[in-house]
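Notes follow once the structure below has been shown.
Just follow the structure's listing: the first ligand is 1, and inside any ligand the first atom is 1.
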Amino acid sequence: MEISDIKILNYCEEHSSEESDALKALNRFTHANVLQSRMLSGHLQGRVLSMISHMIKPEYVLEIGTYTGYSAICLAEGLSEKGKLITIDINPELEDVIVSHIEKAGFAGKIQFIVGDAYQIIRTLPYEYDLVFIDADKLSYAKYYNQVLEKLKPGGFILVDNVLWSGKVVDEKELAKDKDTISLHAFNEMVMNDSRVEKVLIPIRDGLYLIRKIA
Ligand code: SAH
Ligand code: CA
């Protein structure tokens, strides 16, 4: 199921700021050379992440699920002057791609990439976050959410990607058999019933949940 009409999406992209040259190059490189390139956030969602980050001007940002680093760079665009973004991925193979593109984008001193299992890494990090982007293995979303909520400043934000899962979360057949769909739907219900947060689920791209920790 398509969440948005392709014509509408194209129109939205045509009326949104362009990606930086470095992001354009990373987008192109990923599609040409890396498996599962549809995981990359892309132009429109990237501009949304950048805009949200600019609105928050965060000091500490945590990203769970780097892939080739596209969304990390978008989120880093809005960091405060002293700000820092930590991004974690379990896949060590993309490290060179990530590090070189972060440097080309001018964020070498701002973005720290850590290889490993996110849950294990996050436990060891000393930071309190203004903004967290959850975008790794879908079966672990609830685990990450509960973990990072503890490490989120009061009034801080969590963004969670792919929560509509190509529309499968409203498809009874998928809800009866597909593990990721079942897990994502349960996650969405859990967030909805969590009185510690305010939330709005936006049907952009594959569904983006915006969550604010109530002070
Ligand atoms: N945020 C990226 C896309 C991330 S794709 C963007 O928008 O461009 C999801 C990533 O999660 C993959 O690169 C995968 O390797 C990573 N991942 C899967 N399980 C993980 C885990 N347990 N810990 C950290 N990263 C994980
Ligand atoms: Ca994603």
Discussion item. Please find the pair of heavy atoms, one from Tyr70 and one from Gly42, that lie closest to each other, and give the distance.
Written reply: CE2-O, 3.3 Å
Worksheet item: So which heavy atom on Leu26 is nearest to which on Gly69, and how close?
Response: CD2-C, 3.9 Å
Discussion item. What do you get for the angle at the Ca ion (ligand 2) between OD2 on Asp161 and OD2 on Asp135, to the nearest 10 degrees?
Written reply: 90°
Worksheet item: Does Ile121 share a hydrophobic cluster with Tyr129, counting links as ILVMFWY side-chain heavy atoms below 4.5 Å and allowing steps through other members?
Response: yes
Closer than 4.0 Å to some heavy atom of [X] - which atoms of ligand 1 meet that?
| X | result |
| --- | --- |
| Leu40 | 8 (O) |
| Asn91 | 15 (O) |
| Tyr144 | 21 (C), 22 (N), 23 (N) |
| Tyr67 | 2 (C), 3 (C), 4 (C), 5 (S), 13 (O) |

Got the closest protein heavy atom to [atom], with its distance?
| atom | result |
| --- | --- |
| atom 10 (C) of ligand 1 | Asp89 OD2, 3.5 Å |
| atom 20 (C) of ligand 1 | Asp137 OD1, 3.4 Å |
| atom 7 (O) of ligand 1 | Ser41 OG, 2.6 Å |
| atom 6 (C) of ligand 1 | Ser71 OG, 3.1 Å |
| atom 22 (N) of ligand 1 | Asp117 OD1, 2.7 Å |
| atom 9 (C) of ligand 1 | Asp135 O, 3.1 Å |
| atom 11 (O) of ligand 1 | Ala136 CA, 3.4 Å |
| atom 24 (C) of ligand 1 | Ile90 N, 3.4 Å |

Looking at ligand 1, does any of its N/O atoms fall within less than 3.5 Å of an N/O of [X]?
| X | value |
| --- | --- |
| Ala118 | yes |
| Ile64 | no |
| Phe133 | no |
| Tyr70 | no |

Item to complete: Validate the cation-pi geometry between Lys151 and Tyr127: distance from NZ or CZ to the six-membered ring centre under 6.0 Å, angle to the ring axis within 45°.
Response: no
Worksheet item: Under 4.0 angstrom from ligand 1, any heavy atom of Gly116?
Response: yes
Worksheet item: Is there a heavy atom of Thr66 sitting under 4.0 angstrom from any atom of ligand 1?
Response: yes
Worksheet item: Sub-3.5 Å donor-acceptor pair from the side chain of Lys104 to the main-chain atoms of Asp21, do we have one?
Response: no
Discussion item. Using the salt bridge (Lys or Arg N to Asp or Glu O under 4.0 Å) definition, which of the options Glu13, Glu77, Glu19 pairs with Arg47?
Written reply: Glu77
Worksheet item: Are any of the side-chain heavy atoms of Leu159 and Ile211 separated by less than 4.5 Å?
Response: no
Discussion item. When you compare the side chains of Asn91 and Tyr67, does any donor N or O come within less than 3.5 Å of an acceptor on the partner?
Written reply: no
Worksheet item: Are side-chain N/O atoms of Thr87 and Thr66 paired as donor and acceptor at under 3.5 Å?
Response: yes
Discussion item. Asp194 vs Tyr145, test: side chain to side chain donor-acceptor pair (under 3.5 Å). Steps then yes/no.
Written reply: CA-CA 11 Å; Asp194 188 348; Tyr145 172 83; 2.8 Å; yes
Discussion item. Would you call the rings of Phe29 and His101 parallel, tilted or perpendicular, taking 30° and 60° as the class edges?
Written reply: tilted
Fill in: Ser41 backbone or side-chain N/O/S under 3.0 Å from the Ca ion (ligand 2)
no
Item to complete: In sequence, state the C-alpha distance, the side-chain angles, and the governing distance for Phe133 and Val160, and then conclude on side-chain contact (heavy atoms from CB on, under 4.5 Å).
Response: CA-CA 6 Å; Phe133 183 42; Val160 191; over 6 Å; no
